[in-house]
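For clarity, every value in this text was computed on a predicted model and none was experimentally measured.
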Amino acid sequence: QVQLVESGGGLVQAGDSLRLSCAASGRPFSTYAMGWFRQAPGKKREFVAAITNSGDSTYYASSVEGRFTISRGSARNTVYLQMTRLEPKDTAVYYCAGGGGLGHPEHYTYDYWGQGTQVTVSS
């Protein structure tokens with residue numbers, strides 16, 4: 001019933017770009033904030049970017065600020081992560097999530113998660 005499906009990952013070289021997509025269904029995701037998280041092997045999951053339900057505000061981890069752009073589709077149940085100038089340190093499984101809360105969206109409660117898409121950046 002609830003689905004968040006990520007796509008667009010792959011193997012690229014440093015300096016390349018990738019566009020990740022997340023299609024969410026089964027809940028009113030147009031009313032939720034949406035976030036991207038990533039997890040590298042042996043590391044904890046970390047916040048990457050988030051966007052408000054309206055799409056008016058975006059938030060980024062300092063490690064990706066200026067390189068990544070999060071956006072929502074017109075129906076707001078899709079979310080994208082445009083990644084540019086990729087670096088090997090960006091290698092991780094990237095997850096799409098939906099939720100909400102107060103304060104910085106890194107600390108929102110994200111109730112819904114996708115299965116993830118692998119991004120590998122070689123030097």
Side-chain angles (χ1 to χ4, degrees):
Q1 183 179 2
V2 179
Q3 278 194 305
L4 286 78
V5 181
E6 302 98 334
S7 61
L11 173 63
V12 298
Q13 293 188 342
D16 285 353
S17 298
L18 279 175
R19 184 178 176 88
L20 305 183
S21 299
C22 174
S25 61
R27 290 291 187 275
F29 285 101
S30 62
T31 70
Y32 299 167
M34 300 294 291
W36 287 96
F37 296 77
R38 66 187 183 187
Q39 187 168 21
K43 304 294 184 180
K44 293 183 177 180
R45 184 185 64 206
E46 66 174 336
F47 170 79
V48 176
I51 188 167
T52 57
N53 64 313
S54 67
D56 290 341
S57 298
T58 58
Y59 306 83
Y60 299 94
S62 60
S63 59
V64 306
E65 181 76 42
R67 297 189 297 121
F68 292 9
T69 302
I70 189 171
S71 61
R72 302 186 77 130
S74 60
R76 304 197 308 279
N77 63 343
T78 57
V79 63
Y80 306 96
L81 186 68
Q82 178 67 51
M83 305 184 294
T84 64
R85 303 190 302 278
L86 283 161
E87 304 169 6
K89 68 180 182 180
D90 297 317
T91 295
V93 177
Y94 283 71
Y95 298 92
C96 175
L102 299 175
H104 195 282
E106 179 179 1
H107 306 117
Y108 282 4
T109 297
Y110 291 96
D111 294 322
Y112 308 103
W113 294 82
Q115 294 298 114
T117 185
Q118 177 72 47
V119 173
T120 303
V121 185
S122 63
S123 61

Closest non-hydrogen atom pair between [X] and [Y], with its separation:
X	Y	value
E6	G116	OE1-N, 2.9 Å
A75	S30	O-CB, 3.7 Å
G66	R85	O-NH2, 2.6 Å
P88	A14	CD-CB, 4.1 Å
A33	Y108	CB-CE2, 3.7 Å

If you count every heavy atom of other residues, nucleotides or ligands that lies below 6.0 Å from [X] atom [atom1], does the total exceed 12?
X	atom1	result
Q39	CD	yes
Q115	CD	no
Q13	CD	no

**Asked** Do R76 side-chain atoms and N53 backbone N/O form a donor-acceptor pair below 3.5 Å?
**Response**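 Yes; at least one donor-acceptor contact below 3.5 Å.
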
**Item:** Any donor-acceptor pair under 3.5 Å from T52 side chain to S57 backbone
**Value:**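 Yes, T52 side chain to S57 backbone: donor-acceptor pair under 3.5 Å.
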
**Message:** As a test of understanding, state which of S21, C96, C22 forms a side chain to side chain contact (heavy atoms under 4.5 Å, CB included) with Y80.
**Reply:**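 Passing option: S21.
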
**Prompt:** Taking ILVMFWY side chains as joined if any heavy atoms are under 4.5 angstrom apart, and letting links pass through other members, which residues group with L81?
**Reply:**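 For the cluster that includes L81, the remaining residues are V2, L4, V12, L18, L20, F29, Y32, M34, W36, V48, I51, Y60, V64, F68, I70, V79, M83, L86, Y94, Y112, V119, V121.
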
**Message:** Holding to ring pair (Phe, Tyr, Trp, His ring centres under 6.0 Å), I want the full list of residues that pass it with H107, two or more places apart in sequence or in another chain.
**Reply:**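 Partners of H107 by the ring pair (Phe, Tyr, Trp, His ring centres under 6.0 Å) criterion come out as none, since no residue qualifies.
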
**Request:** Could you tell me the separation between the CZ atom of F47 and the OG atom of S62, rounded to the nearest 0.5 Å?
**Result:**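 F47 atom CZ to S62 atom OG measures 10.5 Å (nearest 0.5 Å).
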
**Asked** Roughly how far apart are H104 NE2 and Y59 OH, rounded to 0.5 Å?
**Response**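 Here the interatomic distance stands at 7.5 Å.
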
**Prompt:** Looking at D90 and R67, does any basic side-chain N land under 4.0 Å from a carboxylate oxygen?
**Reply:**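 Looking at D90 and R67, the cut-off is met.
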
**Message:** Is the distance between the ring centroids of Y110 and F37 under 6.0 Å?
**Reply:**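 Ring-ring flag for F37/Y110: true, centres closer than 6.0 Å.
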
**Request:** Answer yes or no: is there a side-chain heavy-atom contact under 4.5 Å between Q118 and T91?
**Result:**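 A side-chain contact under 4.5 Å exists here.
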
**Asked** So do the side chains of Q1 and R27 get within less than 4.5 Å of each other, counting heavy atoms only?
**Response**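 Heavy-atom side-chain distance check passes, below 4.5 Å.
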
